[in-house]
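Worksheet: the structure to be examined is printed underneath.
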Amino acid sequence: KGISLFVVPQKRIKDNGLSENDVTTAGVYHKMGYKGAPIAHLMFGSNDDCKGYLVGEPHKGLSYMFQMMNEARVGVGTNAAAIGTAAYHASLAYAKERPQGRPIGAKDPTQPQTLIINHADVKRMLLFQKSVVEGSLSLLLQCGLWSDLAHVAEGETKERAELLLDLLTPIAKSYPSEMCCQTTSAAVQILGGAGYTTDFPMEQYYREARIHPIHEGTTGIHGLDLLGRKITLKGGKGVQFLMQEIQQTIGESKNSTLKNLGELLEKALGRVQKVTEHLLALASQNVEVFLADATLYLEFFGIVTIAWQWLKQAVQAQKALVQAVSESDRNFYQGKIATAHYFFEYELVKTISLSQRLTSSDRTTVEMQAEWF
Ligand SMILES: Cc1cc2nc3c(=O)[nH]c(=O)nc-3n(C[C@H](O)[C@H](O)[C@H](O)COP(=O)(O)OP(=O)(O)OC[C@H]3O[C@@H](n4cnc5c(N)ncnc54)[C@H](O)[C@@H]3O)c2cc1C
């Protein structure tokens, strides 16, 4: 009938005094990163003398737990984006200092070497990081706004904010978590061999990023949450609200130089609709097949969501660029617009192959037998 939530204190009042509540630490885990956080294995009631106190009503623990958990999940996404941001800026600083190689086509060995930031491949790795971390931060701020509105607004605005936050929490948690493992890896790569040494902080960022796709629910569980629950919540109203928000941004991009990005996002929305309809039709036929690629659906939905955030940023940057007076402001807005283009050209295109996979009739993962490995 559902699990219940208990508070289990370390000590409790017994015989008019404070006594141990039979909660013991079995050991501290030795982890890959996050070494400053003492993650411990707790044991409850080894001597049959542990008391827990019921919170609220029996069998309703899961929904109580989710009140805390949803906020914690957005917090995990924020942590991942923060680590990714630190790695991005550290690798950017290095790329601006490190001379290596010459521009392609420059064959004169007496000429000085160029800084690695001038190589297209290094710029690609920097743009990858910038597009993921700033796209993630943008989505997390968006979720922060909905979270505030869910608390203070009323009526339809409140309902809309609650549903949008609910729908996108698995993405706000998983997209930065999964992608910042890749971006911190790109940061290590930009430093070459130096990135692999402990002389620089990259290897630590790389290790510390890895916990985020695991704790507060693995990415696999968030995929199941998105496709199995959130998409159809309240008759799909959350998805409808999201589509309206995205369409509004596409509308704002029309009549500007960002029109082509709006068109690409519109096409991606068409893919989301097609894939979602295809999968929901499978739900009633074979639930295992329906959910088999839920993690890929989460990735697919996440990329489209971050593309929306990049279009939003680019629309604002375009307006601000016209009025910018200082060179640093102009560089900032140009950088935003260029990164939006990068995201659409290098990341959003991945949704084409993902949609092909998600609508395929191939059932390899479902049909594979444990004995065949
Ligand atoms: C550093 C650290 C800090 C932590 N902090 C806390 C904390 O403060 N509080 C707390 O309560 N917990 C904490 N945890 C525990 C953490 O939340 C769990 O490790 C995490 O939720 C994954 O659960 P699990 O380890 O049991 O993995 P499992 O559930 O065994 O998962 C193993 C793999 O199987 C997949 N899988 C599992 N079930 C399914 C399914 N039904 N369908 C498809 N795939 C599935 C998963 O996606 C995963 O890839 C912490 C863990 C670490 C490492």
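When a residue number appears, it is its place in the shown sequence, counting from 1. Counting convention: from 1, in listed order, for ligands and their atoms alike.
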message: Under 4.0 Å and counting heavy atoms only, is there anything from the protein next to atom 42 (N) of ligand 1?
response: yes

query: Just to confirm, does any protein heavy atom lie below 4.0 Å from atom 18 (C) of ligand 1?
result: no

message: For a quick test of reading the model, state the closest non-hydrogen atom pair linking Ile250 to Ser253 and the distance between them.
response: O-OG, 2.7 Å

message: Check for me, please, whether Val132 and Ile190 land in the same ILVMFWY cluster - side-chain distances under 4.5 Å, paths through other members count.
response: no

query: Looking at atom 20 (C) of ligand 1, what's its closest protein heavy atom, distance included?
result: Ile214 O, 3.5 Å

task: Any atoms of ligand 1 less than 4.0 Å from a non-hydrogen atom of Glu216? List them with their elements.
output: 17 (O)

task: Quick one: look at Lys31 and ligand 1, take heavy-atom pairs under 4.0 Å, and tell me if it's side chain, backbone, both or neither.
output: side chain

- line: atom 2 (C) of ligand 1 sits nearest the protein heavy atom Ile211 CD1, 3.8 Å

- prompt: How far is atom 31 (O) of ligand 1 from its nearest protein heavy atom, and which residue and atom is that?
  reply: Thr218 CG2, 4.6 Å

- prompt: Among all protein non-hydrogen atoms, which one is nearest to atom 51 (C) of ligand 1, and what is the separation to 0.1 Å?
  reply: His215 CB, 4.3 Å

Salt-bridge present (Lys259, Glu263; N to O < 4.0 Å): yes

task: Give the residue and atom name of whichever protein heavy atom lies nearest to atom 36 (N) of ligand 1, and the separation in Å to one decimal.
output: Ile221 CD1, 4.6 Å

- prompt: Ion pair present between Arg330 and Glu327, side-chain N to carboxylate O less than 4.0 angstrom?
  reply: no

Heavy atom of protein closer than 4.0 angstrom to atom 22 (C) of ligand 1: yes

message: Any carboxylate oxygen within less than 4.0 angstrom of a Lys/Arg side-chain nitrogen, looking at Lys237 and Glu162?
response: no

query: Minimum heavy-atom separation for Glu178 to Pro213, with atom names?
result: OE2-CB, 3.4 Å

statement: In short, Pro176 meets Ala81 closest at the heavy-atom pair CB-N, 4.2 Å

message: Taking a cutoff of less than 4.0 Å between a non-hydrogen atom of the residue and any ligand atom, is Leu224 in contact with ligand 1?
response: yes

- prompt: Under a 4.0 Å N-O cut-off, is there an ion pair linking Arg229 with Asp166?
  reply: no

message: Among all protein heavy atoms in this structure, tell me which lies nearest to atom 4 (C) of ligand 1, with the distance rounded to 0.1 Å.
response: Ile39 CG2, 4.1 Å

- prompt: Less than 4.0 Å between atom 46 (C) of ligand 1 and some protein heavy atom, yes or no?
  reply: yes

Donor-acceptor contact below 3.5 Å, side chain Glu208 vs main chain Tyr34: yes

message: Less than 4.0 Å from atom 53 (C) of ligand 1, is there any heavy atom belonging to the protein?
response: yes

